[in-house]
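The next block holds one structure in the form of structure tokens; read it before the comments.
Each ligand, and each atom within it, is numbered from 1 in the order the structure gives.
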Amino acid sequence: MMLNPMSSPASLPRIHLLATGGTIAGAHTGGRSYAAATLTAEALVAAVPQLAGLARITTEQVAGIASQDMDEQVWRQLAARTQAALDEPAVTGAVITHGTDTMEETAYFLNLVLRTAKPVVLVGAMRPATAISADGPMNLYNAVAAAVHPAAAGRGVLVVANDEIHFAREIAKTNTTQLATFRSPNRGLAGLVNTGRVHWFGPAPRRHTAGSEFAAAPPGALPPVEIIHAHAGMGRTLIDAAVRAGAQGLVIAGVGNGNLAASALAAGREAVRAGVAVVRSSRTGGGVVERDIEVDDSAAGFIAAEELNPQKARVLLMLGLTRTRDPAALQALFTTY
Ligand code: DAS
């Protein structure tokens with residue numbers, strides 16, 4: 001549906017906005033309680049009339065969920081609809097409104113499967129639309145400003161929040177409630193955007209979007225991959241249970257440099273022998289999990305997640321398992337994406 005056609009000169013870039021729900025579309029239900037995914041895509045755009053000075057915006061409601069309910073089915077629908085919009089020559093880029101809880105996972109998935117060099121910017125909010133000083137409207141304005149910027153193309157999927165522009169590969173949600181919840185702890189920001197004024201920093205890290213070998217999400221359901229959080233006194237119970245439940249991959253959110261207790265290590269080695277891919281990531285939230293430091297990955301057949309946090313490592317492992325089961329080939333993916 002075409003929005004703000006009259007107030008947006010035909011010379012302005014065309015942005016397709018795809019809505020999935022989240023707090024950015026949330027509304028209070030009484031007291032401090034609120035329901036995510038209440039406002040429509042049209043309502044979000046109508047709440048920011050200044051958008052008419054940036055772009056001609058068309059909208060599409062792909063889903064209406066809080067992002068804790070995000071799943072592969074919505075991912076695939078969102079990827080397909082975003083790809084369809086971007087394949088239209090008249091469309092400059094896409095903006096996706098999304099909950100903040102799993103935004104980093106959706107952004108990274110799209111970063112790996114979209115066949116495009118056009119700008120794709122995800123945006124959410126930490127306060128519902130009915131809040132005092134709601135952050136959604138400015139986040140949305142800044143997301144569109146980043147998407148229409150002449151230098152936005154070729155940077156992969158981006159996320160705009162709190163006047164910052166993050167690369168999909170780098171971003172992580174780090175706080176339950178604060179506006180400054182999003183961080184890019186390893187390689188830093190893609191740029192800054194202040195009331196529509198964009199400042200770009202470095203280029204996107206690693207391969208992404210048009211340069212990805214996973215373009216056009218592989219057909220069929222992604223192989224099940226579970227994340228297991230390591231802790232002091234960790235045993236083998238959850239690893240064994242995940243293998244019995246049919247997991248084809250495991251991501252260990254390990255302590256420190258991706259470490260896990262001896263009994264859990266033994267279970268991991270047995271899982272590999274049973275054909276399950278095991279990736280060591282870290283619960284620390286930053287840094288690089290390297291191969292063969294305290295854990296003999298080469299002997300165990302484990303894969304080191306390197307810079308990817310557990311939830312991002314899971315996305316890459318699911319896609320990787322549609323191509324190969326070989327630990328060496330899977331490890332190469334973690335040094336490529
Ligand atoms: N539950 C959160 C979500 O939808 C709300 C939000 O922050 O967007 O991810």
Atoms of ligand 1 close to [X] [distance to a heavy atom under 4.0 angstrom, numbered from 1]:
X: Tyr34; answer: 5 (C)
X: Ala125; answer: 6 (C), 7 (O), 8 (O)
X: Ala66; answer: 4 (O)
X: Gly22; answer: 4 (O), 8 (O)

Can you report which non-hydrogen protein atom sits closest to [atom], along with the distance?
atom: atom 9 (O) of ligand 1; answer: Ser67 OG, 2.5 Å
atom: atom 7 (O) of ligand 1; answer: Thr100 OG1, 2.5 Å
atom: atom 1 (N) of ligand 1; answer: Gln68 OE1, 2.6 Å
atom: atom 2 (C) of ligand 1; answer: Asp101 OD2, 3.3 Å
atom: atom 6 (C) of ligand 1; answer: Thr23 OG1, 2.6 Å

With distance as the sole test, does [X] use its side chain to make a donor-acceptor pair with the main-chain N or O of [Y] at under 3.5 Å?
X: Asn139; Y: Asn162; value: yes
X: Arg280; Y: Asn257; value: yes
X: Arg207; Y: Gly211; value: yes

side-chain contact (heavy atoms from CB on, under 4.5 Å) partner of Tyr337, chosen from Glu306, Arg169, Lys312, Glu213:
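Testing Tyr337 for a side-chain contact (heavy atoms from CB on, under 4.5 Å) against Glu306, Arg169, Lys312, Glu213 leaves exactly one candidate, Glu213.
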
| query | Does the side chain of Thr130 come under 3.5 Å of the side chain of Tyr34 through a donor N or O and an acceptor N or O? | reply |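 Distance-only check fails for Thr130 and Tyr34.
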
query: If you measure only the distance, is there a donor-acceptor pair under 3.5 Å linking the side chains of Glu307 and Asn186?
result: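 Their side chains do not contain a donor-acceptor pair, so the 3.5 Å distance test is not met.
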
- Query: Does the side chain of Ile239 reach to within under 4.5 Å of the side chain of Ile252, using non-hydrogen atoms?
  - Reply: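 Side chain of Ile239 against side chain of Ile252, heavy atoms only: contact under 4.5 Å found.
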
